[in-house]
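Atoms within a ligand are numbered from 1 in the order they appear, just like the ligands themselves. These values consider heavy atoms only, across backbone and side chains, with no hydrogens, waters or symmetry-generated copies.
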Amino acid sequence: MSQAVEKTPVVEMRNIKKNFGAVQALRGVDLALFHNEVLGLVGDNAAGKSTLMKVLSGAYVPDDGEIYIEGEPVHFSSPMHARRMGIEMVYQDYALANNLDVSANVFMGREVVRINLGPIGVLDYQYMEQETRNLMDRLKIDIPSVRQKVERLSGGQRQAVAIARATAFDAKVIIMDEPTAALSVAAIDKVLELVDQLKAHGASIILISHRLEDVYRVSDRMIVLRHGRKVCDTVVEGDIQEFRERVVAYMIGARDDFAEREAS
Ligand SMILES: Nc1ncnc2c1ncn2[C@@H]1O[C@H](COP(=O)(O)OP(=O)(O)O)[C@@H](O)[C@H]1O
Ligand SMILES: [Mg+2]
């Protein structure tokens with residue numbers, strides 16, 4: 001008989017709690033993300049999905065619970081801190097600077113300096129543009145030019161740039177919060193292809209989406225949150241119709257795999 005190998009998750013969150021005043025946004029959530037896995041995170045509005053991911057990406061400090069990166073406990077004090085540990089979050093509203101070009105957006109906050117004369121740094125635009133071009137090619141993102149201002153790109157292209165930026169610096173974990181919410185059907189397809197590309201390049205991804213067919217298409221496993229609790233944690237399998245019915249049952253509270261543990 002072969003011994004089961006316990007793999008260390010790339011990210012593990014244990015018993016995460018977060019209150020906003022009287023609102024218990026997270027009531028003790030566990031989450032594990034494994035290497036090269038796409039994890040879907042679903043649940044109704046206000047279930048706690050964004051809050052959980054903001055805790056993981058350093059935007060919120062949890063009231064209770066632990067976070068481990070590759071088995072090591074971490075306490076993120078800021079998004080920069082989480083980013084240095086390889087956790088990147090793509091926000092719902094892209095968070096791009098519309099008046100800057102694609103390359104400047106990709107390198108925003110981590111510009112490459114060519115010459116450093118004390119306080120005066122000269123940015124290496126050529127290098128940053130070439131790197132951005134390579135990145136866009138690698139991820140098969142179609143934009144006219146890396147010198148194009150972001151405000152002149154389509155919604156789908158902007159989302160692609162936001163995702164590319166999150167992945168540009170060897171992120172271990174990429175979190176996407178509703179990346180397809182504001183997009184056309186064709187653009188949604190592109191974003192899902194991008195998720196597949198990132199996975200093919202070895203990333204581990206958490207995808208929040210209310211579009212269950214998107215989660216079904218790209219995720220290996222999914223977690224359902226309801227009222228700040230995890231109610232389901234399962235591999236994505238079966239046909240789409242069965243999947244949808246199962247997820248909805250968890251979302252509306254007709255099924256709950258962790259209810260007993262909660263009660264005890
Ligand atoms: N910054 C905040 N201040 C106060 N309440 C918040 C804040 N962020 C989220 N909440 C509340 O926490 C709950 C979970 O919200 P959220 O994590 O955004 O849910 P989801 O992303 O699943 O829709 C909701 O009741 C929401 O109103
Ligand atoms: Mg949300």
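With sequence neighbours left out, E70 forms a side-chain hydrogen bond (donor to acceptor under 3.5 Å, both in side chains) with H35.
Aromatic ring centres of F76 and Y60: separated by at least 6.0 Å.
Among the backbone and side-chain atoms of S50, an N, O or S atom lies under 2.8 Å from the Mg ion (ligand 2).
Distance alone, capped at 3.5 Å, is enough to place a donor-acceptor pair between the R27 side chain and the H227 backbone.
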Atom pairs and distances, side-chain donor-acceptor, residues 216-224, under 3.5 Å, sequence neighbours left out:
| from | atom 1 | to | atom 2 | distance (Å) |
| --- | --- | --- | --- | --- |
| Y216 | OH | G238 | O | 2.9 |
| Y216 | OH | I240 | N | 3.4 |
| R217 | NH1 | D189 | OD1 | 3.2 |
| S219 | OG | V215 | O | 2.9 |
| D220 | OD1 | K199 | NZ | 3.0 |
| D220 | OD2 | V38 | N | 2.8 |
| D220 | OD2 | K199 | NZ | 3.2 |
| R221 | NE | E37 | OE2 | 2.8 |
| R221 | NH1 | D233 | OD1 | 2.6 |
| R221 | NH2 | A32 | O | 2.4 |
| R221 | NH2 | E37 | OE1 | 3.0 |

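Grouped by direct or indirect side-chain proximity (heavy atoms under 4.5 Å, Ile/Leu/Val/Met/Phe/Trp/Tyr only), V185 sits alone.
Protein residues lining ligand 1, listed by chain and number: F20, V23, A25, D44, N45, A46, A47, G48, K49, S50, T51, Y60 [non-hydrogen atoms, distance under 4.0 Å].
Residue-environment remark: CG (D142) stays at or below the threshold of 12 foreign heavy atoms within 6.0 Å.
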